[in-house]
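Note on naming: letters A, B, ... go to the chains in the order of the sequence lines (proteins, then strands), and numbering restarts at 1 for each one.
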Number of protein chains: 2
Amino acid sequence: MPQKDTYGLLDFLPYLLNQAAEESSLAFQEVYKGRYGMLRTEWRVLFHLGMYGQMTAKEIGERSRMHKTKISRAVQRLSERRFLTRTRDDKDRRSEHLDLTSAGLAAYRDLRKVAEDYDAKLESQFTRGEVAMLRVMLRRLAGMG
Amino acid sequence: MPQKDTYGLLDFLPYLLNQAAEESSLAFQEVYKGRYGMLRTEWRVLFHLGMYGQMTAKEIGERSRMHKTKISRAVQRLSERRFLTRTRDDKDRRSEHLDLTSAGLAAYRDLRKVAEDYDAKLESQFTRGEVAMLRVMLRRLAGMG
DNA sequence: CGTTGTTAGTTACAAAAACAACTATTACCT
DNA sequence: AGGTAATAGTTGTTTTTGTAACTAACAACG
């Protein structure tokens, strides 16, 4: 007969992290999905290109820790929808350079603005110091410390 | 030409939360997957039953915020593998009561132990106070505040 | 009763993710 | 050079998830 124990799922950090991640991703997901029909992988690729400028799929993979097949398919869809262009590297013809089109850049700017506002809203529940500490802890947990 | 901006994905809380959640879930996932061939949904159902004793699928759904189809399938698989038994409620024959078998209970105890140790390891990177604050913040962000 | 609305749980189908195998190109090594 | 290994990216196949529609049982109201 299992007895009601004190240590619950609700104390388990991976669980808490997942719940918080899911909940906080939801509202924003509506935006990039609703406005641009994007998936999360696509939004991430877009963001990386908007942030860092021209990149290859490999570089995106290194920074984002997304699997290369995910990236490949995201790039495909973004390119079909004219959010980015792909140009082969002449020195190494295996890889290609990805650049946002003006439509891609516009989408990036729009979504980024929404992201910043959304983040501000999340942060508003806490003090500046708490948020700073949260970020540090999350980075550490994510292995990006 | 997109310029390198200061506010990056790495500051975006939903992103950070996702990364931290993914990273921190990974090692533990190996365990329930490797030892018992379970999926995360199955592990969660198992945990709920281990924690609270007999429950219906609906009750699990209320506590876990998992969609009922996920629970339905998790219950099916756990039952096939003899980790739990299902018995119809005689007063309301739509619902059924789920109970861990001894194998289920053993798996729960084993995994729970691993979970606690794992959690302790994660926590060891921080001070007690930091961890306490992290939990509070995550609960709030998860809407479980 | 009996018709209409709810609820617990399942099933079927579509979307997305995971994993493995593949192509094309470049690097290395003798 | 010539063969083997490594790398960038793609494609195919299988799992898992999400969504919607479904069945069976109950509730409530006339």
Rounded to whole Å, how long is the line connecting atom [atom1] of [X] with atom [atom2] of [N]?
X       : N      : atom1 : atom2 : answer
B:Met38 : D:dT16 : CE    : C1'   : 17 Å
A:Arg77 : D:dG9  : CZ    : C1'   : 19 Å
B:Met55 : C:dA8  : CE    : P     : 13 Å
B:Arg44 : D:dT16 : CZ    : C1'   : 14 Å
A:Ile60 : D:dT7  : CD1   : P     : 19 Å
A:His67 : C:dA20 : NE2   : P     : 9 Å
B:Leu98 : C:dG9  : CG    : P     : 7 Å
A:Arg73 : D:dA8  : CZ    : P     : 19 Å

Legend entry - Donor-acceptor pair, side chain of B:Asp119 and main chain of A:Leu13, under 3.5 angstrom: yes
Legend entry - Short side-chain to backbone donor-acceptor contact, A:Arg140 and A:Gly145, under 3.5 Å: no
Close N/O contacts between protein and nucleotides 21-25 of chain C (under 3.5 Å):
unit_1, atom_1, unit_2, atom_2, d
C:dT25, O2, A:Arg94, NH1, 3.2

[X] bridged to [Y] by N-O distance under 4.0 Å:
X        : Y        : value
A:Asp117 : A:Lys121 : no
B:Arg81  : B:Glu42  : no
A:Lys91  : A:Asp89  : no

Inset, instruction - Using a cut-off of strictly less than 4.0 Å between a heavy atom of the residue and any atom of DNA chain C, enumerate the qualifying residues of residues 20-36 of chain B by number. - result: B:Lys33
Residue [X], side-chain heavy atoms: nucleotide from [options] that is nearest:
X       : options                : answer
A:Ser72 : D:dG18, D:dT17, D:dG9  : D:dG9
B:Glu96 : C:dA12, C:dT10, D:dG9  : C:dT10
A:Lys70 : C:dA17, D:dT19, C:dT10 : C:dA17

Legend entry - A:His48 side chain reached by A:Ser64 side chain, heavy atoms, under 4.5 Å: yes
Below 3.5 Å, can you tabulate the donor-acceptor pairs from side chains in residues 28-38 of chain A to any protein atom, sequence neighbours excluded?
unit_1, atom_1, unit_2, atom_2, d
A:Arg35, NH1, A:Asp110, OD1, 3.0
A:Arg35, NH1, A:Asp110, OD2, 3.0
A:Tyr36, OH, A:Asp110, OD2, 2.6

Inset, instruction - Tell me whether the OP1 or OP2 atom of D:dG9 has a side-chain N or O from A:Gln76 closer than 4.0 Å. - result: no
Legend entry - Worked check of side chain to side chain contact (heavy atoms under 4.5 Å, CB included) between A:Met137 and B:Leu138: CA-CA 11 Å; A:Met137 295 181 82; B:Leu138 290 177; over 6 Å; no
Inset, instruction - For the residue pair B:Ser25 and A:Asn18, confirm or rule out a side-chain donor-acceptor distance under 3.5 Å. - result: yes
Inset, instruction - Name the residue closer to the 5' end of DNA chain C, choosing between A:Leu39 and B:Arg86 according to the nucleotide with the nearest heavy atom. - result: B:Arg86
